[in-house]
Asks: 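Next up is a structure, given as structure tokens.
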Amino acid sequence: MTGSSIAAMENLRPVVLSGPSGAGKSTLLKKLMGEYDNVFGFSVSHTTRSPRAGEVNGKHYHFVTRDEMQSSIDGGDFIESAEYSGNLYGTSKAAVHAVQKNNLICILDIDMQGVKSIKKTDLNPIYISIQPPTLQTLEKRLRDRKTETEESLQKRLKAAEEEIAFSKQPDVFDHIVINDKLDEAYEQLKQALMEEINKVKNINSSS
Ligand SMILES: Nc1nc2c(ncn2[C@@H]2O[C@H](COP(=O)(O)OP(=O)(O)O)[C@@H](O)[C@H]2O)c(=O)[nH]1
Ligand SMILES: Nc1ncnc2c1ncn2[C@@H]1O[C@H](COP(=O)(O)OP(=O)(O)O)[C@@H](O)[C@H]1O
């Protein structure tokens with residue numbers, strides 16, 4: 001890879017997706033990674049929550065105990081971490097490095113506490129908020145997903161009210177995608193990232 005390609009790679013900005021549980025972050029991310037698998041890499045977070053059906057350790061999350069996570073946090077291994085709906089979640093330095101060392105654009109899926117923490121770092125990502133069309137739709141999608149207990153669902157809906165309000169604050173997000181019709185939301189997400197996608201394509205075609 002030429003020196004200019006390396007320089008170009010180094011100015012690729014990571015991407016932060018954030019939004020309420022059930023808003024469609026994972027669904028949109030799966031479509032994006034499927035269409036641009038040689039452009040984006042997912043930052044695999046750590047969490048103390050239990051895996052859902054179909055979730056693979058090391059792919060969707062690093063599933064760890066609270067003691068393991070807390071000692072890693074205390075050891076300075078994390079860029080940020082947060083308590084959400086009774087579990088710990090966090091982005092390790094290694095998770096971001098694992099993507100960037102492969103010259104891919106690093107995508108993080110984090111909550112609003114994570115957004116606030118990342119803004120205090122030099123990561124300088126593109127911030128994209130994924131929002132449901134209404135709270136009622138969000139509740140229906142979460143219920144239909146069948147991953148939450150009633151208690152967890154209520155906790156997540158309460159957190160969603162704060163996440164929705166946070167997304168309306170000025171100067172927080174670079175783009176806000178209302179995930180009503182999936183295909184339309186996906187097109188909006190792609191448009192928001194097209195400049196970065198083309199940077200990688202240009203680098204790959206010149207190297
Ligand atoms: N701060 C932070 N939040 C995270 C991280 N990984 C996931 N989250 C957030 O934790 C919340 C719950 O994630 P999850 O349990 O997978 O539920 P889902 O959003 O409904 O799929 C979501 O808002 C995620 O964006 C992380 O590394 N840091
Ligand atoms: N635009 C949409 N229309 C209808 N259902 C959707 C849409 N986007 C996502 N879903 C469904 O809503 C649920 C929550 O989506 P998911 O991607 O898991 O959200 P998140 O990762 O933000 O928690 C999933 O069952 C998903 O299939």
Side-chain angles (χ1 to χ4, degrees), residues 14-34 42-57 59-64 69 72-73 77-96 98-99 106-121 123 125 127-149 151-164 166-167 173 176-189:
V15 176
V16 162
L17 290 190
S18 189
S21 173
K25 303 182 296 295
S26 306
T27 302
L28 288 163
L29 199 50
K30 190 173 177 186
K31 287 175 74 76
L32 190 72
M33 304 281 286
F42 183 58
S43 166
V44 181
S45 294
H46 285 63
T47 187
T48 60
R49 85 154 163 77
S50 302
R52 296 170 183 158
E55 287 187 325
V56 177
N57 187 33
K59 181 184 178 194
H60 298 90
Y61 281 103
H62 297 292
F63 294 101
V64 293
M69 183 124 183
S72 294
I73 293 168
D77 299 344
F78 282 78
I79 297 174
E80 59 80 29
S81 62
E83 179 102 19
Y84 175 90
S85 185
N87 282 297
L88 283 176
Y89 294 80
T91 302
S92 67
K93 295 169 185 170
V96 173
V99 173
C106 187
I107 294 199
L108 296 79
D109 172 344
I110 61 176
D111 83 325
M112 74 175 193
Q113 301 166 92
V115 169
K116 291 174 183 173
S117 300
I118 293 287
K119 280 188 178 271
K120 297 172 187 162
T121 74
L123 194 66
Y127 293 94
I128 301 177
S129 174
I130 307 296
Q131 293 295 324
T134 65
L135 258 179
Q136 292 71 21
T137 304
L138 185 72
E139 177 168 358
K140 181 179 183 317
R141 289 179 186 171
L142 272 177
R143 289 191 183 283
D144 292 349
R145 192 175 74 179
K146 298 185 176 14
T147 55
E148 312 304 323
T149 61
E151 182 192 5
S152 161
L153 186 91
Q154 293 306 326
K155 276 185 184 173
R156 284 163 184 251
L157 289 177
K158 182 137 184 51
E161 290 174 29
E162 290 176 59
E163 295 252 0
I164 291 166
F166 182 61
S167 74
F173 291 98
I176 296 178
V177 175
I178 306 295
N179 180 22
D180 189 354
K181 291 186 176 42
L182 185 58
D183 290 345
E184 290 174 9
Y186 180 58
E187 282 310 312
Q188 285 176 40
L189 178 61

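Atoms within a ligand are numbered from 1 in the order they appear, just like the ligands themselves. All values below were derived from every heavy atom in this structure, side-chain atoms included, with hydrogens, water molecules and symmetry-related copies excluded.
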Asks: With heavy-atom distances below 4.0 Å as the criterion, list the atoms of ligand 1 near Gly22.
Replies: 20 (O)
Asks: Give the atoms of ligand 1, by number and element, whose distance to some non-hydrogen atom of Ala82 is under 4.0 Å.
Replies: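 That gives atoms 1 (N) of ligand 1.
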Asks: When you measure from atom 16 (O) of ligand 1 to every protein heavy atom, which one gives the shortest distance, and what is it?
Replies: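 Nearest protein contact, heavy atoms only, for atom 16 (O) of ligand 1 is Tyr61 OH, 2.6 Å.
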Asks: Below 4.0 Å, non-hydrogen atoms only: which portion of His62 touches ligand 1? Side chain, backbone, both or neither.
Replies: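 Looking at His62 and ligand 1, no heavy atom falls under 4.0 Å.
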Asks: List every atom of ligand 2 that sits less than 4.0 Å from any heavy atom of Pro20, numbering the atoms from 1 in the order shown and giving each element.
Replies: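 Counting from 1, the qualifying ligand atoms are 22 (O).
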Asks: Please say whether the positively charged group of Lys30, taken as NZ for Lys or CZ for Arg, lies over the ring of Phe42, i.e. under 6.0 angstrom from the six-membered ring centre and within 45 degrees of the axis.
Replies: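 Relative to the ring axis of Phe42, which defines the angle, Lys30 lies outside at least one limit.
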Asks: Quick one: look up the protein heavy atom nearest atom 24 (C) of ligand 2 and list residue, atom name and how far away it is.
Replies: Arg145 CD, 3.9 Å
Asks: Record the part of His46 in heavy-atom contact with ligand 1 below 4.0 Å; permitted values are side chain, backbone, both and neither.
Replies: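 Looking at His46 and ligand 1, no heavy atom falls under 4.0 Å.
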Asks: For Gly19, is the nearest heavy atom under 4.0 Å from an atom of ligand 2?
Replies: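 No, that is not the case, since the closest heavy atom of the residue is not under 4.0 Å from the ligand.
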Asks: Pairs of nitrogen or oxygen atoms closer than 3.5 Å, one from Asn179 and one from ligand 2: do any exist?
Replies: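 Right, the criterion is met.
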Asks: Against heavy atoms of Gly114, which atoms of ligand 1 measure under 4.0 Å?
Replies: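 Heavy-atom distances to Gly114 below 4.0 Å select 1 (N).
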Asks: Answer yes or no: does an N/O atom from Thr91 fall short of 3.5 Å to an N/O atom of ligand 1?
Replies: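 Right, the criterion is met.
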Asks: Against heavy atoms of Lys25, which atoms of ligand 1 measure under 4.0 Å?
Replies: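 Atoms satisfying the 4.0 Å criterion: 19 (O), 25 (O).
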Asks: When you compare ligand 1 with Glu80, is there at least one nitrogen or oxygen pair between them that comes in under 3.5 angstrom?
Replies: yes
Asks: Ring centres of Phe78 and His46 under 6.0 Å apart?
Replies: yes
Asks: For Ala185 and ligand 2, answer yes if some heavy atom of the residue is under 4.0 Å from a ligand atom, otherwise no.
Replies: no
Asks: Between Phe166 and Lys116, is there a cation-pi geometry (under 6.0 Å to ring centre, at most 45° from the normal)?
Replies: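 Because its charged atom sits under 6.0 Å from the ring centre and within 45° of the axis, Lys116 does stack over Phe166.
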Asks: For atom 20 (O) of ligand 1, what's the nearest protein heavy atom and its distance?
Replies: Ser21 OG, 2.6 Å
Asks: Out of Asp111, Ile79, Ile110, who gets a non-hydrogen atom closest to atom 1 (N) of ligand 1?
Replies: Asp111
Asks: Can you pull out the closest protein heavy atom to atom 18 (P) of ligand 1? Residue, atom name and distance to 0.1 Å, please.
Replies: Arg52 NH2, 3.5 Å
Asks: Looking at atom 24 (C) of ligand 1, what's its closest protein heavy atom, distance included?
Replies: Asp109 OD1, 3.5 Å
Asks: Just jot down the ligand 2 atoms closer than 4.0 angstrom to any heavy atom of Asp180, in number order.
Replies: 1 (N), 2 (C), 3 (N)
Asks: Which part of Arg156 is near ligand 1, with near meaning a heavy atom under 4.0 Å away: side chain, backbone, both or neither?
Replies: side chain
Asks: Is there at least one pair of N or O atoms, one from Arg141 and one from ligand 2, spaced under 3.5 Å apart?
Replies: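 Such a contact does occur with ligand 2.
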Asks: In the protein, which heavy atom is nearest to atom 27 (O) of ligand 1, and how far is it?
Replies: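 For atom 27 (O) of ligand 1, the nearest protein heavy atom is Ser45 OG, 2.7 Å.
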Asks: Run the numbers for me: atoms of ligand 2, each under 4.0 Å from some heavy atom of Ser21, listed by number.
Replies: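 That gives atoms 23 (O) of ligand 2.
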Asks: Would you mind listing which atoms of ligand 1 come within a distance below 4.0 Å of any non-hydrogen atom of Arg49?
Replies: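 Per the distance check, 14 (P), 15 (O), 16 (O).
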Asks: Is there a polar contact between ligand 2 and Ser26, counting only N or O atoms under 3.5 Å apart?
Replies: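 Yes, Ser26 has an N/O under 3.5 Å of an N/O on ligand 2.
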Asks: Considering the heavy atoms of Gly90, write down every atom of ligand 1 situated less than 4.0 Å from one of them.
Replies: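 Going through ligand 1 atom by atom, the ones under 4.0 Å from Gly90 are 26 (C), 27 (O), 28 (N).
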Asks: So which protein heavy atom does atom 19 (O) of ligand 2 come closest to, and at what separation?
Replies: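 Ranking protein heavy atoms by distance from atom 19 (O) of ligand 2, first comes Gly24 N, 3.0 Å.
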